[in-house]
**Student:** 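The structure is given below, and queries will be raised subsequently.
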Amino acid sequence: MTEISYRIPQQRVLRTALPGPRSQELAVRRKAAVAAGVGSTAPVYTADADGGVIVDVDGNALIDLAAGIAVTSVGASHPKVIAAIKDQAERFTHTCFMVAPYEGYIEVAEQLAALTPGDHEKRSVLFNSGAEAVENAIKVARLATGRPAVVAFDHAYHGRTNLTMALTAKSMPYKQNFGPFAPEVYRMPMSYPFRDGGQDGASAAREAITRIEKQIGATSVAAIIIEPIQGEGGFIVPAPGFLPALADWARANGVVFIADEVQTGFARTGDWFACAHEGVVPDIITMAKGIAGGMPLSAITGRADLLDAVHPGGLGGTYGGNPVACAAALAAIDAIREHDLNARARRIGEIALTRFRALAQQVPAIGEVRGRGAMLALEFVRPGGTEPDAALTAAIAARCLEQGVLTLTCGTFGNVIRLLPPLVIGEDLLNEALDVLCTAIGDLTA
Ligand code: PLZ
């Protein structure tokens, strides 16, 4: 593990109340030019970002516990990533891999074959966004199996395009009034220990499998798609045994098991991929976010027989596997190895979970503390039960932001604070952010 050096000071600085005057000016321009349907968590506008810090246009420096939704795991301006982008951009920014192919795409595919679970023969395709990767994983599964149905789960998030909206569980804000949705998507119950009475993984899986068999019929199912730890749905960690039982059933029934690791992948949970934690080997993995140090790139990697079943020309897209994004991905993967960010993710988890568990002893509104590695969550409830408390959650996040700590909320019930810090964040800065968060929780629940 090498030491990490930062380009900008790793300090929280509050020069103005947030948002400051320059951010307020930008907010006015934004309102007149940007569609209202696009939201932003922070009211401030970014001027610079590095390591665990985002500097805004008024010179305030926020501690970043969001990493652009689990994207900038190596930081928002890692020197290796910057150098790779510059070098590639000076040679060519685009030729289209479907027109005049290049080595970077192949190198990324080689890396993905090596990094993803399983030592079977694999193939990859590169795209631009997580949703696009998910769409293509489903296309491959349907073509290869000749079957129509796709199984997704309660609390799932898979994207905002038409098919991925159908796969996503939560209506508001993702789906409401955006239908009709793609057909042949079936939703099954998820293992959610805090809300299913602590049902064990095997029996939760049996329940889902029975429903699949009775309501769809195994021979109609092309794929099961699942996030090994659900992201937007609430950082839900299924009970041990749930994922392996689903994967085993899929294998026995000719169903393609797709792990959506768009949020969990690339060292976020302390392993290259979260499904490795239980030794699950997916047939296809979808990846994006942390793959390329902030550049838009996504991928599917899976069994060669499945991916090679598709006719030539059946998969692609103008920008998929853009050469600058591929160069950034190779540099980001190199940086993850260099700094052993898997170990850092585990360390972040130890630090935060220890503090959260101690706090939960004193704060009955903390219903559950959960997560793995640097994918961490606090679920807030009305004391004494499991009734979600979204208002408290929003108030805590707002208090943190006022104090210069950027967190995200999530969950079907909007009652989860999640932490996704850049994995390169320093321990002192992390602890300072946790001080702010724990104080906010204490104050707002006193
Ligand atoms: N699959 C598991 O987490 C993206 C979306 C935020 P895209 N999650 C953040 C928002 O409100 O849009 C995500 C994910 C999982 C797929 C996706 C989709 O990835 O790159 O946003 O398309």
Side-chain angles (χ1 to χ4, degrees), residues 35-42 65-73 125-139 150 152-176 178 182 185 190 223-238 243 257-266 268-269 273-275 282 284-301 317 319-322 325 328-329 371-372 374-377 397 406-412 414 416 418-420:
V38 186
S40 297
T41 305
L65 298 184
I69 326 185
V71 171
T72 52
S73 297
V125 191
L126 306 183
F127 303 99
N128 305 288
S129 67
E132 212 186 341
V134 169
E135 292 256 356
N136 280 279
I138 304 290
K139 278 167 69 172
V150 178
F153 289 84
D154 284 335
H155 313 289
Y157 185 91
H158 298 291
R160 293 176 182 265
T161 58
N162 188 260
L163 173 58
T164 61
M165 270 195 295
L167 295 168
T168 290
K170 190 173 175 175
S171 176
M172 195 62 186
Y174 307 122
K175 305 169 73 168
Q176 187 102 35
F178 288 137
V185 171
M190 175 72 188
I224 290 179
I225 181 160
I226 190 162
E227 301 151 85
I229 297 177
Q230 288 182 318
E232 305 305 305
F235 278 31
I236 301 164
V237 187
L243 296 171
F257 185 82
I258 303 170
D260 182 350
E261 295 245 18
V262 164
Q263 191 153 164
T264 49
F266 290 90
R268 176 52 53 188
T269 67
F273 295 97
C275 51
I284 301 178
I285 299 198
T286 58
M287 297 158 271
K289 294 190 185 281
I291 190 174
M295 293 297 284
L297 185 74
S298 69
I300 62 174
T301 297
Y319 292 111
N322 168 273
R372 189 182 303 148
M375 186 167 182
L376 299 155
L406 182 58
T407 63
L408 294 171
T409 59
C410 66
T412 297
V416 177
R418 56 170 155 170
L419 307 189
L420 289 165

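Counting convention: from 1, in listed order, for ligands and their atoms alike. For reference, positions follow the sequence shown, starting with 1. Scope of the values below: all heavy atoms of this structure, side chains included, with no hydrogens, waters or symmetry mates.
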**Student:** Of Thr168, Thr164, Asp260, which is the lone residue that meets side chain to side chain donor-acceptor pair (under 3.5 Å) with His158?
**Tutor:**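 So, applying the side chain to side chain donor-acceptor pair (under 3.5 Å) to His158 and each of Thr168, Thr164, Asp260, only Asp260 qualifies.
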
**Student:** Got Leu420 and Arg418 here, is their nearest side-chain heavy-atom distance under 4.5 Å?
**Tutor:**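 A side-chain contact under 4.5 Å exists here.
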
**Student:** Phe153 pairs by side-chain contact (heavy atoms from CB on, under 4.5 Å) with which of Ile225, Leu167, Ile224?
**Tutor:** Ile224

**Student:** Taking Met165's backbone N and O only, do any of them form a donor-acceptor pair with Lys175's side chain (distance below 3.5 Å, no angle check)?
**Tutor:** yes

**Student:** What do the steps show when you test Glu135 against Thr161 for side chain to side chain donor-acceptor pair (under 3.5 Å), and what is the final call?
**Tutor:** CA-CA 8 Å; Glu135 292 256 356; Thr161 58; 2.6 Å; yes

**Student:** Where does ligand 1 get N/O contacts under 3.5 Å from the protein, atom by atom?
**Tutor:**
| unit_1 | atom_1 | unit_2 | atom_2 | d |
| --- | --- | --- | --- | --- |
| ligand 1 | 1 (N) | Asp260 | OD1 | 3.3 |
| ligand 1 | 1 (N) | Asp260 | OD2 | 2.7 |
| ligand 1 | 3 (O) | Gln263 | NE2 | 2.8 |
| ligand 1 | 8 (N) | Glu232 | OE2 | 3.4 |
| ligand 1 | 8 (N) | Lys289 | NZ | 3.1 |
| ligand 1 | 11 (O) | Arg160 | NH2 | 2.7 |
| ligand 1 | 12 (O) | Tyr157 | OH | 3.2 |
| ligand 1 | 12 (O) | Arg160 | NE | 2.7 |
| ligand 1 | 12 (O) | Arg160 | NH2 | 3.3 |
| ligand 1 | 20 (O) | Gly130 | N | 2.8 |
| ligand 1 | 22 (O) | Gly130 | N | 3.4 |
| ligand 1 | 22 (O) | Ala131 | N | 2.8 |

**Student:** Could you walk me through whether Phe127 and Tyr319 pass ring-ring contact (aromatic ring centres under 6.0 Å, His included), step by step?
**Tutor:** CA-CA 7 Å; Phe127 303 99; Tyr319 292 111; over 10 Å; no

